[in-house]
Amino acid sequence: MIAISEIFGPTIQGEGSLIGTPTVFVRTGGCDYRCSWCDTMHAVDKKYKNEWLAMSANDVFQQVETLSGGKPILITLSGGNPAIQDLSELIRLGKAKGYRFAMETQGSVSAPWFAELDYLTLSPKPPSSKMKFDQIRFDTSLHNAQDINVSLKIVVADDADLEWAAEIKQQYPQLPLYLQPCNLELEGNPSLDSLTTKTLNLVEEVMQRGWFDATVLPQLHVYLWGNEKGV
Ligand code: SF4
């Protein structure tokens with residue numbers, strides 16, 4: 001059984017390499033991290049566990065099929081940390097019907113079934129998260145996904161995060177890097193002005209550093225829907 005926090009869509013992916021792509025989100029419950037600025041605590045903190053459903057892979061896929069009207073779409077596995085559960089059966093069921101799979105994880109837990117995904121976004125957490133980067137575990141995640149499309153996504157809250165992102169990019173030059181401003185306004189909805197200012201500041205910092213192999217993106221879903229759940 002899979003602990004599910006929410007299944008929603010179709011909507012668009014709001015960040016990373018697949019930004020703007022139509023998708024249905026499967027958000028699993030549970031995470032091995034506690035990032036200081038986590039914006040999905042409802043899928044992380046055990047105090048929300050009674051809101052999570054224990055669902056079979058078949059039930060999850062049936063719900064996705066209903067949401068997409070039976071039309072194959074990109075399924076985005078998110079969390080929490082989706083890697084802490086066995087999602088291989090869900091991927092098998094979806095692929096048999098032409099669905100594609102993307103997953104986002106910090107790279108702290110890995111599994112052989114990563115190789116069955118179509119896309120993996122590895123989002124190691126920078127110093128402002130207060131979490132510690134485990135390179136060995138990250139490299140194992142990368143190893144398990146060596147034949148699929150892998151990208152790096154790092155959210156940036158301050159200069160230390162940007163310096164850290166530069167170090168990570170140096171260590172993994174083969175991975176396309178997506179940088180996004182970190183949303184620190186988790187109560188209510190951040191103002192469009194403050195989101196724009198943060199994005200502009202990040203663009204400026206990256207250009208000043210002559211860092212021309214990075215892609216800078218806003219968190220599009222926060223622009224469109226603020227901190228709302230399930231969109
Ligand atoms: Fe939240 Fe992601 Fe950090 Fe887990 S890894 S605590 S889901 S931001």
Side-chain angles (χ1 to χ4, degrees), residues 1-10 13 15-18 21 23-35 38 40-68 70 72-125 131-153 175 229-230:
M1 299 298 259
I2 307 169
I4 294 291
S5 166
E6 50 185 345
I7 300 174
F8 60 92
Q13 171 57 265
E15 47 190 17
S17 65
L18 294 165
T21 306
T23 189
V24 169
F25 280 88
V26 173
R27 189 184 300 290
T28 59
C31 186
D32 47 322
Y33 272 23
R34 293 291 181 277
C35 299
C38 178
T40 52
M41 281 309 281
H42 62 285
V44 169
D45 199 320
K46 289 213 166 71
K47 78 179 180 201
Y48 297 99
K49 210 173 170 180
N50 59 353
E51 295 173 13
W52 304 345
L53 294 177
M55 294 176 74
S56 68
N58 203 39
D59 287 347
V60 172
F61 183 59
Q62 267 185 12
Q63 197 160 326
V64 172
E65 264 194 314
T66 303
L67 289 170
S68 75
I73 190 171
L74 178 74
I75 299 176
T76 301
L77 306 171
S78 181
N81 183 359
I84 64 177
Q85 310 198 56
D86 182 358
L87 302 178
S88 57
E89 175 68 3
L90 173 60
I91 295 171
R92 193 185 62 73
L93 289 169
K95 287 212 149 177
K97 293 217 173 163
Y99 288 69
R100 292 173 304 136
F101 285 83
M103 185 169 83
E104 175 168 328
T105 178
Q106 62 266 40
S108 57
V109 176
S110 66
W113 53 262
F114 284 14
E116 308 307 319
L117 294 160
D118 296 284
Y119 304 93
L120 178 67
T121 300
L122 287 171
S123 55
K125 304 305 175 194
M131 293 290 112
K132 203 168 157 14
F133 177 61
D134 185 325
Q135 185 145 22
I136 293 173
R137 289 175 175 222
F138 187 86
D139 287 349
T140 310
S141 295
L142 205 48
H143 176 76
N144 281 326
Q146 58 190 321
D147 295 324
I148 65 164
N149 192 313
V150 183
S151 58
L152 270 175
K153 190 197 78 182
L175 298 180
K229 269 172 65 180

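Index from 1, following the sequence.
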Tell me the closest heavy-atom pair linking G29 and Q85, and the distance in Å.
O-NE2, 3.2 Å

Is any side-chain heavy atom of Q106 closer than 4.5 Å to one of F133?
no

Assess whether side-chain contact (heavy atoms from CB on, under 4.5 Å) is satisfied between M103 and S78, documenting all intermediate values.
CA-CA 6 Å; M103 185 169 83; S78 181; over 6 Å; no

Within the 4.5 Å heavy-atom criterion, are R34 and M41 side-chain neighbours or not?
yes

Could you tell me if the side chain of K125 sits less than 4.5 Å from the side chain of C35, heavy atoms only?
yes

Sorted by chain and residue number, the salt bridge (charged side-chain N to carboxylate O under 4.0 Å, His left out) partners of D59 (sequence neighbours excluded) come out as none

Partners passing side chain to side chain donor-acceptor pair (under 3.5 Å) against T28 (at least two apart in sequence or in another chain)
none

Within the distance-only criterion (no hydrogens, no angle test), does the side chain of W52 pair as donor or acceptor with the backbone N or O of H42 below 3.5 angstrom?
yes

Tell me, which pairs form a salt bridge (charged side-chain N to carboxylate O under 4.0 Å, His left out) where one or both residues lie in residues 78-89, sequence neighbours left out?
E89-R92

Test of understanding: with side-chain contact (heavy atoms from CB on, under 4.5 Å), list the residues that count as partners of A111, not counting sequence neighbours.
W113, F114

Kindly compute the distance separating CG (L117) from CG (L87), expressed to the nearest 0.5 Å.
8.5 Å

Should the ring pair F25 and F8 be called parallel, tilted or perpendicular, given that the plane angle runs from 0 to 90° and is split at 30 and 60?
parallel

Are the side chains of L152 and T121 in contact, using a 4.5 Å heavy-atom criterion?
no

Heavy-atom check, side chain of N144 versus side chain of L120, under 4.5 Å
no

With a 4.5 Å heavy-atom cut-off, do V26 and V60 have their side chains touching?
yes

Once you round to the nearest 0.5 Å, how far does CG of L77 lie from CG of L90?
6.0 Å

What residues form a side chain to side chain donor-acceptor pair (under 3.5 Å) with S5, not counting sequence neighbours?
none

State which residue, out of T21, V24, L67, fulfils the side chain to side chain contact (heavy atoms under 4.5 Å, CB included) condition with I73.
V24

By side chain to side chain donor-acceptor pair (under 3.5 Å), K153 pairs with (sequence neighbours left out) E15, E104

Under the side-chain contact (heavy atoms from CB on, under 4.5 Å) criterion, do D134 and S108 qualify, and how do the steps go?
CA-CA 7 Å; D134 185 325; S108 57; 5.9 Å; no

Sequence neighbours excluded - salt bridge (charged side-chain N to carboxylate O under 4.0 Å, His left out) pairs with any residue from residues 105-115
none

Side-chain donor or acceptor of T23 paired with backbone N/O of Q13 under 3.5 Å
no

Taking all non-hydrogen atoms of both residues, which atom of C31 and which atom of G80 are closest, and how far apart?
CB-CA, 3.9 Å

What pairs with D118 under salt bridge (charged side-chain N to carboxylate O under 4.0 Å, His left out), at least two apart in sequence or on another chain?
K95

Apply side-chain contact (heavy atoms from CB on, under 4.5 Å) to the pair S141 and T105, showing each step before the final yes or no.
CA-CA 9 Å; S141 295; T105 178; 5.6 Å; no

Are any non-hydrogen side-chain atoms of S110 and T140 less than 4.5 angstrom apart?
yes

With Q62, which residues qualify under side chain to side chain donor-acceptor pair (under 3.5 Å), at least two apart?
none

Does any pair with a residue in residues 40-52 pass salt bridge (charged side-chain N to carboxylate O under 4.0 Å, His left out), and if so which ones, sequence neighbours excluded?
none

side-chain contact (heavy atoms from CB on, under 4.5 Å) against I84, all qualifying residues, sequence neighbours excluded:
D32, N81, V109

Go through it in stages, so that I can follow the logic: the residues are F101 and L74, the test is side-chain contact (heavy atoms from CB on, under 4.5 Å), and I'd like the CA-CA distance, side-chain angles, deciding distance and then a yes or no.
CA-CA 6 Å; F101 285 83; L74 178 74; 5.9 Å; no

Could you pull out the closest heavy-atom pair between F61 and G94, with the gap in Å?
CE1-CA, 3.5 Å

Tell me every residue that passes side-chain contact (heavy atoms from CB on, under 4.5 Å) with L53, counting only those two or more places apart in sequence or in another chain.
M55

Regarding Y119 and T76, do their side chains bring together a donor and an acceptor under 3.5 Å, going by distance alone?
no

Short question: side chain of Y33, backbone of K132 - any donor-acceptor pair under 3.5 Å?
yes

